[in-house]
Amino acid sequence: MSLNIDRLEQEFQAKIDAGHNIEPKDWMPEKYRKTHIRQISQHAHSEIVGMLPEGNWITRAPSLRRKVALLAKVQDEAGHGLYLYSATETLGISRDELFEQLHSGKAKYSSIFNYPTLSWADIGAIGWLVDGAAIINQVMLTRTSYGPYARAMVRICKEESFHQRQGYEIMLTLCRGTQVQKDMAQDALNRWWWPSLMMFGPRDAESTHTEQSMKWKIKRKTNDELRQQFIDITVPQAEFLGLTVPDADLKWNEESGHYDFGEIDWDEFWQVVKGNGPCNKERLDARRSAYENGAWVREAAMAYADKQEQKRLAEVG
Amino acid sequence: MSTKNWPLWEVFVRSKSGLEHRHVGSLHAADAKMAMENARDVYTRRQEGVSIWVVPSSAITASNPAHSGELFEPAQDKAYRHPTFYDLPNELKHI
Ligand SMILES: [Fe+2]
Ligand SMILES: [Fe+2]
């Protein structure tokens, strides 16, 4: 029996090494399945919970142009959540179980969404930095080994670049405005910069999943590599805005061809992961109440569908 | 609280006339009408399609990857089904 499993695992690894994708009905190690359920659902939850901080500003967007753009972006994030929940379900877990894991706190979502959106500039900073960081991660994941996840990522990446551009345009408009507007943009950058860097996860040395994830081609770059890539891309964009990145140690390193940067507050990172961020409770409460208060709608729709089906069967009787 | 879950549907979209419908993903919906509306909102927000099919996932019979050998290997040794199998002189044109 275990000999058989060994052989299957070898064949599985050979397939991945040869650059083939794994599809839902293919044999896969239990740990590959579990890791994917955890990772893809965590990604799906992040898309869904991520609608909350931005949704906060839809009714207060400063113009109709901004409002339709933000509305469309938030709707996209709902779509991203749906693509990803569907991809997770191909691994043999139900949508209800996934929601249950989110609502009970068993499943995580990206900690960035546990920070509050205090001003309109935060909507600019989120599109620019948070979607920007997400894009770096997601572009890598278009080549991940699990087929349904990779395909969802291709679709998502096509939609993300509008998110980042609308965010940057908000920042640019504020930075070209009055001093008060520019201060607002700087304040948003100050608050969102470090949490954005934390989005890439713990340092490679502390990351428990990295080695296996690379071997299975779930990830193709490490947390630190992705974080560096984000910083290198984003710092010149901040300079273009005339804003200051809130990091005294940030400096271009001619030799390495990358920016050196200061130490991330990992204490804060772990505190927010553990549920002690400024909005953890608020976010989960919002998701739970949406689910619970929507239960009667889901039941009524199903009852109606069943009734229509009975009627149809009686007619063809 | 939770009763019966909404069933799963597979969504196929024709991106423009002249092309075939292609599988784009899946979604949950109580009935075909809702599946169609949700498919419109989830998969064609940027004019990705001119026609949608929704099919209950339970109606699909899929081949089993464990049986791929029996299913697909017989085609491997039938090179005579390809045009390059036939030896014709190079100077011959349009064939
Ligand atoms: Fe997204
Ligand atoms: Fe986004």
Side-chain angles (χ1 to χ4, degrees), chain A residues 8 11-12 15 20 22-28 71-73 75-90 94-100 103 147-148 151-152 154-156 158-159 162 291-309 311-312, chain B residues 1-16 19-49 52-73 76:
Chain A
L8 285 168
E11 283 171 9
F12 177 82
K15 215 166 145 184
H20 296 298
I22 306 303
E23 294 296 343
K25 288 180 160 237
D26 294 342
W27 185 88
M28 61 186 84
L71 202 53
K73 179 195 190 282
Q75 191 189 5
D76 272 356
E77 306 301 4
H80 297 176
L82 293 178
Y83 308 154
L84 289 164
Y85 281 131
S86 294
T88 319
E89 288 172 77
T90 63
S94 73
R95 183 76 61 96
D96 267 14
E97 284 173 87
L98 294 170
F99 287 154
E100 160 58 28
H103 299 156
R151 290 191 287 277
V154 169
R155 185 174 288 281
I156 287 174
K158 278 191 200 151
E159 302 181 346
F162 130 65
Y291 189 72
E292 282 159 19
N293 294 324
W296 71 271
V297 180
R298 294 192 298 276
E299 283 164 28
M302 205 59 241
Y304 175 77
D306 282 344
K307 208 166 143 191
Q308 293 302 108
E309 182 63 10
K311 236 183 184 168
R312 196 185 63 82
Chain B
M1 192 70 188
S2 166
T3 51
K4 211 168 103 193
N5 290 327
W6 289 358
L8 193 64
W9 300 74
E10 300 301 323
V11 181
F12 299 79
V13 169
R14 184 202 297 285
S15 59
K16 60 178 187 182
L19 294 179
E20 68 279 62
H21 286 76
R22 269 185 69 181
H23 183 243
V24 294
S26 49
L27 50 78
H28 289 273
D31 56 26
K33 184 166 170 281
M34 187 194 285
M36 183 60 77
E37 286 163 1
N38 288 358
R40 194 271 315 265
D41 289 343
V42 178
Y43 292 105
T44 63
R45 291 198 298 286
R46 289 180 176 79
Q47 299 177 287
E48 289 95 336
I52 300 174
W53 291 346
V54 288
V55 180
S57 306
S58 59
I60 290 179
T61 307
S63 64
N64 181 344
H67 301 153
S68 288
E70 295 104 283
L71 276 175
F72 304 115
E73 272 163 23
Q76 271 173 15

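Chain identifiers are assigned alphabetically (A, B, ...) following the order of the sequence lines, protein sequences preceding nucleic acid strands; residue numbering begins at 1 within each chain. Note that the structure is a prediction, hence the values are computed from the model and not measured.
- For Ala30(B) against Ala301(A), the heavy-atom pair with the smallest separation is CB-O, 3.6 Å.
- If you take CZ on Arg298(A) and CH2 on Trp6(B), they are separated by 7.5 Å, rounding to the nearest 0.5 Å.
- Looking at Tyr85(A), there are no atoms closer than 4.5 Å to chain B (heavy atoms on both sides), in backbone or side chain.
- Taking non-hydrogen atoms and a 4.5 Å limit, the residue list of residues 31-40 of chain B in contact with chain A, ordered by number, reads Asp31(B), Met34(B).
- The candidate with the highest count of non-hydrogen atom pairs below 4.5 Å against chain A, out of Leu27(B), Leu8(B), Val42(B), Asp41(B), is Val42(B).
- Met302(A) and Asn5(B) make their closest contact through SD-O, 4.0 Å (heavy atoms, listed as atom of the first residue, atom of the second, distance).
- Within residues 57-73 of chain B, the residues having any heavy atom closer than 4.5 Å to a heavy atom of chain A are Ala62(B), Ser63(B), Pro65(B), listed by residue number.
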Intermediate values then yes/no, side chain to side chain contact (heavy atoms under 4.5 Å, CB included), Asp76(A) and Arg45(B): CA-CA 9 Å; Asp76(A) 272 356; Arg45(B) 291 198 298 286; 2.9 Å; yes
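- The closest donor-acceptor contact from the side chain of Ser26(B) to the backbone of Ser86(A) lies at 3.5 Å or more, if one exists at all.
- With a 4.5 angstrom heavy-atom cutoff, Gln75(A) touches chain B via backbone and side-chain atoms both.
- Between chain B and the options Arg95(A), Arg151(A), Glu23(A), Glu159(A), the largest number of non-hydrogen pairs under 4.5 Å is found for Glu159(A).
- Atom NE2 of residue His28(B) and atom OG of residue Ser94(A) lie 8.0 Å apart, to the nearest 0.5 angstrom.
- A distance-only check finds no donor-acceptor pair linking the side chain of Tyr43(B) to the backbone of Gly79(A) [under 3.5 Å].
- Looking at Phe162(A), only its side chain comes within 4.5 Å of chain B, counting heavy atoms on both sides.
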